[in-house]
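These notes are about the structure you will find just below.
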Number of protein chains: 2
Amino acid sequence: MAGPASHTSRAEQRRQTEARILATARQLFSEHGYDRTTIRAVARAAKVNPGLVMHYFGSKEQLFTQASAATPDEPISGTPEQLTEQLLATLHDKLTHEPTATLAMLRSMLTHPDATEGVRASLSRQQEQLSDILSADDALLRTGLTGAISLGVVIGRHLLQLDGLRDAPPDQIIELLRPCFESLTASGDS
Amino acid sequence: MAGPASHTSRAEQRRQTEARILATARQLFSEHGYDRTTIRAVARAAKVNPGLVMHYFGSKEQLFTQASAATPDEPISGTPEQLTEQLLATLHDKLTHEPTATLAMLRSMLTHPDATEGVRASLSRQQEQLSDILSADDALLRTGLTGAISLGVVIGRHLLQLDGLRDAPPDQIIELLRPCFESLTASGDS
DNA sequence: GTCTATATTCAGATAGAC
DNA sequence: GTCTATCTGAATATAGAC
């Protein structure tokens, strides 16, 4: 691969190769899911040997763990009114550029137990934070719904690529969804 | 398995065995998805031989096709106002008893191309019908959102079993979602 | 440090015995 | 019509050569 390395030390070379493998794995996991992504395919796409992938990451499971490690959502805080805007802003961000690592986890969330747990944990954390602010007796259901709705819209856009959702401007989507989130974060009992 | 069959003809016996295999396959596909469900596991759970499953259904793909064949949604028609109630009624039904066949398809929709196409086709059909009624210039986006929201809530309840969503009474969920659907089916431009 | 060769396991599918 | 035995291919993982 590398010609006579000018400044790249051996350790630096290794770091770059490892990063390239990881980026390739993220991409393939996000497109085809855990089970249908093979170590061999990752190696081929990253232009390295399959054995090297194993050597660096230990196992397919560990490779997936690293490839799907996403930065956790911003903590939510403030008044119930601010809450709606924060949720919409977070969703807007996910609609514009959801990181490949997150898509890798979402892609496998229905079929790979680790991914299921990852998504559940992430949503649960958010539900806890939100429920503290809402403090209604059906808070957990309301926050579960905002999470499920966000999840459905993200999946519909990035993974299923539904007509109408796939190419719509994020701003327009957010505007249409604002009443939904407002009604769900409103404190009035049904 | 069968003792001295009293009234069951050989053809009847076969029909029953085939139905038992299909029901078992539906269950396992809906729990673990396409890739992690093996012919062998289906055979074991149905108390038949793996060869018999192949003999009856030809291939794993064909078994999945039959196991995940769901009855299509009711056609939607009427005025925009009736439309909201119909969507909510359909969702209420899915929250109470989503058929195992549908869950089998939903479980694999992110990782198995056939299932992806099945879900996309089902949602597209519904979007077409709804868009005809709405006749707003952003109709396709609005109907895409109602589909994505329904999908997210069904997945959150049945497949991810999110806290708050998992055990909530369908009536209560529907009430909380009514404003969402009303705002999305309202004809006013944003 | 990188890659080759291979061991091991397990899946779907097939052919043929009872 | 039902089941046993087996073929074939592919995947992860390992051991060792360069």
Side-chain angles (χ1 to χ4, degrees), chain A residues 1-22 24-25 28-29 31-68 108 111-115, chain B residues 1-22 24-25 28-29 31-68 108 111-115:
Chain A
M1 279 287 91
S6 41
H7 287 92
T8 56
S9 69
R10 235 173 149 88
E12 179 65 13
Q13 180 77 11
R14 142 124 200 193
R15 215 187 51 76
Q16 284 181 12
T17 304
E18 189 169 331
R20 194 173 71 247
I21 293 173
L22 196 56
T24 306
L28 293 183
F29 279 136
E31 285 175 11
H32 308 117
Y34 181 83
D35 290 319
R36 290 170 116 93
T37 298
T38 66
I39 297 276
R40 289 161 140 84
V42 171
R44 202 177 325 125
K47 302 239 206 297
V48 296
N49 197 273
L52 198 63
V53 178
M54 295 297 296
H55 185 66
Y56 283 172
F57 296 92
S59 71
K60 187 181 175 183
E61 282 286 344
Q62 289 174 52
L63 175 61
F64 179 74
T65 301
Q66 288 199 41
S68 65
S108 294
T111 42
H112 186 43
D114 289 3
Chain B
M1 284 286 90
S6 40
H7 286 91
T8 57
S9 69
R10 236 174 147 89
E12 178 65 14
Q13 180 77 12
R14 143 123 197 194
R15 215 187 51 75
Q16 285 182 12
T17 304
E18 190 169 330
R20 193 173 73 247
I21 293 173
L22 196 56
T24 306
L28 292 184
F29 279 135
E31 286 175 9
H32 308 116
Y34 181 82
D35 291 319
R36 291 171 115 91
T37 299
T38 66
I39 297 276
R40 290 163 141 86
V42 171
R44 202 177 325 126
K47 302 237 209 295
V48 296
N49 198 274
L52 198 64
V53 178
M54 294 298 294
H55 186 66
Y56 284 171
F57 295 92
S59 71
K60 186 182 176 182
E61 281 287 344
Q62 291 175 51
L63 175 62
F64 179 74
T65 302
Q66 288 199 43
S68 64
S108 294
T111 42
H112 185 44
D114 290 4

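Letters A, B, ... are given to chains in the order of the sequence lines, protein chains preceding strands, and every chain is numbered from 1. Just so it is clear, the structure is predicted and the values come from calculations on it, not from any experiment. FYI, side chains are in, hydrogens and waters are out, and symmetry mates aren't considered; it's all heavy atoms of this structure.
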If you check every side-chain atom of Arg40(B), which of dA11(C), dA13(D), dC3(C) has the closest atom? dA11(C)
Write down the distance between CZ (Phe64(B)) and P (dA13(C)), rounded to a whole number of angstrom. 14 Å
For Lys60(A) and dA10(D), what is the distance between atoms NZ and P respectively, to the nearest whole Å? 15 Å
Could you please name the option among dT2(D), dA13(C), dT2(C) that lies closest to any side-chain atom of Ser59(B)? dA13(C)
To the nearest Å, give me how far apart CZ (Arg36(B)) and C1' (dA11(C)) are. 14 Å
Qualifying residues under salt bridge (Lys or Arg N to Asp or Glu O under 4.0 Å), relative to Arg15(A), sequence neighbours excluded: Glu12(A)
Within this structure, what is the NE2-OG1 distance for the pair His112(B) and Thr111(A), rounded to the nearest 0.5 Å? 12.0 Å
What integer distance in Å separates Glu61(A):CD from dA13(D):P? 8 Å
Donor-acceptor contact below 3.5 Å, side chain Ser108(A) vs main chain Ala115(A): no
Please tell me which of the listed nucleotides, dA11(C), dA13(D), dA11(D), lies nearest to the side chain of Thr38(B)? dA11(C)
What I'd like to find out is whether the side chain of Leu52(B) reaches to under 4.5 Å of the side chain of Thr17(B), using heavy atoms alone. yes
Heavy atoms from C-beta onward define the side chain here; which of dT2(D), dC3(C), dT6(D) lies closest to that of Val48(A)? dC3(C)
Roughly, in whole Å, what's the span from OH in Tyr56(A) to C1' in dG1(C)? 7 Å
What is the distance, rounded to the nearest whole Å, between atom CD of Gln62(B) and atom P of dA13(C)? 9 Å
Please state how far atom CE in Met54(A) lies from atom C1' in dA7(C), giving the value in whole angstrom units. 13 Å
What's the CG-P distance between Leu28(B) and dG12(C), to the nearest Å? 12 Å
